[in-house]
Amino acid sequence: MNVDVVALGYAVLAGAANILGAAAVTARTRWSESGLDALLAFSAGFMVSVGLLDLIPHAIEEGGSRAAFVVLLGYLLVHLTQHTLAPHFHFGEEKHAVTQSVGWSALAGLLLHTFIDGVAIASGFAVSSALGILVFFAILLHKIPEGVAISSLFLAAGAGRTRAVTAATALAAATVLGVMFTGLVEPLARHGLALAGGVTLYVGASNLVPELQRGGKHARALSFFAGCALYFMARLVSH
Ligand SMILES: [Zn+2]
Ligand SMILES: [Zn+2]
């Protein structure tokens, strides 16, 4: 067992997008709100597609029907840590006041999810570098909204800019740790694809898609479908 250095490099890049999202929020960059919406919708399409077309089928191919249980476990783990134990979390910029404990519990929940983001990258590269790169893009795209979400949540809870950026940096570090642990912990390497399949499906279909359902703008729906279509095409080219 050893750590995949290439996967590690991609995880560092993906983590940097967490920090970029936070930096934009704390610098009070005037986001074009529709730009962030489009990115969110696009990454939702990418994540749902990578989960359903590649992560879950590969996991079941390798682990049989048992892998399906691990997929469900991954899905439930995100719901438990992000939405059952944490009282309030959603993607997109936080615009209403929240208590400090809301910020901390959302961070705790997101740390598990971003750790699995790293497990997903490492598990993808363990199958093939083509799949690794596809998974990397799916992770990279949603990392900016992720950084926006956690840092704006901290700001809304009254934290200063430094703490808000530090929270996003912790998410980035968890992603890098996810790659390292997948290389060092055998059960994680064995079940990594299935776990990542469940988590990716949750983040895409149950975190990001509900954000798109609010307001019902056609532009968002279009970028969602575009995300799916582009994933499908990237996959055709790389296989
Ligand atoms: Zn909120
Ligand atoms: Zn993530």
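One is the number of the first residue; the rest follow in order along the sequence. All ligand and atom numbering here is 1-based and tracks the order in the structure.
- Rounding to 10°, one obtains 120° for the angle at the Zn ion (ligand 1) between OE2 (Glu94) and NE2 (His88).
- Checking side-chain atoms of Ser151 against main-chain N and O of Ala164 turns up no donor-acceptor pair under 3.5 Å.
- Expressed to the nearest 10°, the angle at the Zn ion (ligand 2) joining OE2 in Glu146 with NE2 in His113 is 90°.
- When each of His113, His142, Gln82, His90 is tested with Asn207 by the rule side-chain hydrogen bond (donor to acceptor under 3.5 Å, both in side chains), just one qualifies, namely Gln82.
- Interatomic distance, Asp117 CG to Leu171 CG, rounded to the nearest 0.5 Å: 9.0 Å.
- Checked against the Zn ion (ligand 2), the N, O or S atom of Asp117 at the shortest distance is OD2.
- With the Zn ion (ligand 1) at the apex, His96 NE2 and His90 NE2 define an angle of roughly 130° (rounded to 10 degrees).
- Using bins of under 30°, 30° to 60° and over 60° for the plane-to-plane angle, the ring pair Tyr202/His83 lands in the tilted bin.
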